[in-house]
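Both backbone and side-chain heavy atoms feed into the values below; hydrogens, waters and symmetry mates do not. One is the number of the first residue; the rest follow in order along the sequence. From a predicted model like this one, the values you see are computed outputs, not experimental measurements.
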Amino acid sequence: MYRLHKYKMKKEFKELCRRIEVTIGRKMKTPKDFYFLSEAVWGQIHEKISCSTLMRAWGYAGKTAEARYSTKSVLSRFLGYADWNDYLAEYSVVSEIRSQKLSIGQMMEVCWDPECHCVFRYEGEMRFGVMESDSSYLCVGDTFDCGIFILEEPLLLNNVVHDGMQPISYIAGCKSGLTKLRLIE
């Protein structure tokens with residue numbers, strides 16, 4: 001019997017897997033899911049990737065070895081990238097961003113479940129403005145204070161000014177933490 005083994009995937013590959021699950025509209029929990037993904041890859045990019053390879057990549061079949069470059073490249077191509085290196089170059093994921101190390105005007109992309117996506121602009125002195133917001137309580141034009149953003153940890157925002165209301169505190173990603181954290185060049 002198969003069971004999902006929780007092993008430490010590198011954050012970049014973990015994010016690739018999460019994006020694939022969002023793309024195909026299902027979590028990889030059963031052999032049927034891996035078969036579905038294998039067929040979806042073939043149907044979209046005409047490349048073969050076996051169910052057992054996918055199971056190993058997700059840590060489902062008990063193997064803890066890191067996925068091979070060729071496997072990562074096929075999965076990256078499934079999402080529209082040229083290969084794994086192209087994915088890494090365009091979709092670099094950092095594990096932590098401290099506001100004190102940012103320059104005024106610097107932008108960052110942040111995501112959390114379920115399907116929340118925002119772009120923040122650093123205004124100085126730990127203050128940020130919301131530039132883009134999808135499926136989140138935060139709206140474009142909102143402002144907040146934050147000292148640190150940590151991947152896979154909840155995001156605590158202080159002095160959130162939302163729609164001209166009194167400042168409040170807000171926690172984003174309470175259950176699973178931030179799923180994406182990226183500086184925009």
Side-chain angles (χ1 to χ4, degrees), residues 6-28 58-59 66-67 72-73 75-185:
K6 298 291 183 189
Y7 70 95
K8 190 70 174 166
M9 282 189 228
K10 292 196 174 173
K11 288 179 170 87
E12 295 86 353
F13 185 67
K14 187 175 182 180
E15 177 61 17
L16 178 75
C17 293
R18 187 194 71 76
R19 291 186 65 206
I20 287 171
E21 290 175 346
V22 168
T23 298
I24 65 171
R26 62 169 69 187
K27 296 274 187 187
M28 306 307 287
W58 258 260
E66 183 178 346
K72 293 174 182 178
S73 288
L75 294 173
S76 296
R77 283 191 289 278
F78 179 69
L79 290 179
Y81 296 91
D83 59 17
W84 175 243
N85 287 334
D86 186 44
Y87 169 82
L88 288 176
E90 185 175 322
Y91 203 84
S92 59
V93 177
V94 295
S95 60
E96 176 182 295
I97 296 174
R98 294 180 181 269
S99 61
Q100 67 205 37
K101 296 191 177 206
L102 296 174
S103 302
I104 292 176
Q106 198 161 11
M107 309 265 276
M108 73 172 70
E109 180 180 22
V110 178
C111 298
W112 61 91
D113 290 332
E115 308 294 325
C116 295
H117 170 266
C118 289
V119 173
F120 304 139
R121 180 181 188 274
Y122 185 59
E123 305 293 335
E125 297 184 23
M126 296 195 318
R127 194 83 181 145
F128 291 83
V130 179
M131 306 308 290
E132 294 178 27
S133 179
D134 295 318
S135 304
S136 168
Y137 166 81
L138 300 171
C139 296
V140 172
D142 289 356
T143 58
F144 62 87
D145 295 336
C146 185
I148 188 167
F149 300 76
I150 303 173
L151 192 64
E152 298 178 349
E153 295 292 333
L155 177 62
L156 176 60
L157 306 178
N158 294 308
N159 298 315
V160 177
V161 177
H162 175 73
D163 276 345
M165 297 168 38
Q166 291 292 323
I168 61 168
S169 292
Y170 175 69
I171 300 175
C174 291
K175 293 184 179 177
S176 61
L178 298 181
T179 57
K180 180 178 180 184
L181 183 58
R182 179 176 79 98
L183 288 172
I184 300 172
E185 301 302 324

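- Between F78 and I24, the closest side-chain pair of non-hydrogen atoms falls below 4.5 Å.
- Of all heavy-atom pairs spanning M126 and G147, the tightest one is SD-CA, 3.7 Å.
- A salt bridge links E109 with K180: the distance from a Lys NZ or Arg NE/NH1/NH2 to an Asp or Glu carboxylate oxygen falls below 4.0 Å.
- Between S73 and D83, the shortest heavy-atom distance links the atoms OG-CB, 3.6 Å.
- Taken to the nearest 0.5 Å, the OG atom of S95 stands 11.5 Å off from the CG atom of L178.
- The existence of a salt bridge linking E152 and K14 is confirmed by a sub-4.0 Å separation between a basic side-chain nitrogen and an acidic carboxylate oxygen.
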Q: In sequence, state the C-alpha distance, the side-chain angles, and the governing distance for W58 and I20, and then conclude on side-chain contact (heavy atoms from CB on, under 4.5 Å).
A: CA-CA 11 Å; W58 258 260; I20 287 171; 4.2 Å; yes

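- Rounded to the nearest 0.5 Å, atoms CH2 (W112) and SG (C118) are 4.0 Å apart.
- Using a 4.5 Å heavy-atom threshold, the side chains of F13 and L75 count as touching.
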Q: Evaluate the side-chain contact (heavy atoms from CB on, under 4.5 Å) criterion for residues Y81 and L88: first the C-alpha distance (whole Å), next the side-chain angles of each, then the deciding distance (0.1 Å), finally the verdict.
A: CA-CA 9 Å; Y81 296 91; L88 288 176; over 6 Å; no

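- Residues C146 and L155 have side chains in contact (heavy-atom distance under 4.5 Å, counting atoms from C-beta outward).
- In this structure, D142 and D163 approach most closely via the heavy-atom pair OD1-N, 3.6 Å.
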Q: Please step through ring-ring contact (aromatic ring centres under 6.0 Å, His included) for the pair Y170 and Y137, ending with a clear verdict.
A: CA-CA 9 Å; Y170 175 69; Y137 166 81; 5.0 Å; yes

Q. Under the side-chain contact (heavy atoms from CB on, under 4.5 Å) criterion, do Y122 and S99 qualify, and how do the steps go?
A. CA-CA 8 Å; Y122 185 59; S99 61; 3.9 Å; yes

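- Between V161 and M165, the shortest heavy-atom distance links the atoms CG1-O, 4.0 Å.
- T179 places a side-chain N or O within 3.5 Å of a backbone atom of C111 that can act as its donor or acceptor partner.
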Q: Check step by step if salt bridge (charged side-chain N to carboxylate O under 4.0 Å, His left out) holds for R18 and E21.
A: CA-CA 5 Å; R18 187 194 71 76; E21 290 175 346; over 6 Å; no

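- The shortest side-chain heavy-atom distance between T143 and R127 falls under the 4.5 Å cut-off.
- Side-chain N/O atoms of H117 and E132 include no donor and acceptor closer than 3.5 Å.
- Note that CG of L102 is 6.5 Å distant from CD1 of I97, once rounded to the nearest 0.5 Å.
- Heavy-atom minimum distance, M108 versus V110: SD-CG2, 3.8 Å.
- Rounding to the nearest 0.5 Å places CD of E123 at 9.0 Å from CZ of F128.
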Q | Check against side-chain contact (heavy atoms from CB on, under 4.5 Å), F144 and N158 | A | CA-CA 6 Å; F144 62 87; N158 294 308; over 6 Å; no

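- Put simply, the side chain of R19 reaches to within 4.5 Å of the side chain of L79, judged on heavy atoms.
- Inter-residue side-chain proximity for W84 and L16 is flagged as met; some heavy-atom pair is nearer than 4.5 Å.
- When all heavy atoms of P167 and N159 are compared, the pair lying nearest together is CB-CA, 3.9 Å.
- Using a 4.5 Å heavy-atom cutoff, the side chains of E115 and V22 are in contact.
- Going from atom CZ of R98 over to atom CD1 of I148 covers 3.5 Å, rounded to the nearest 0.5 Å.
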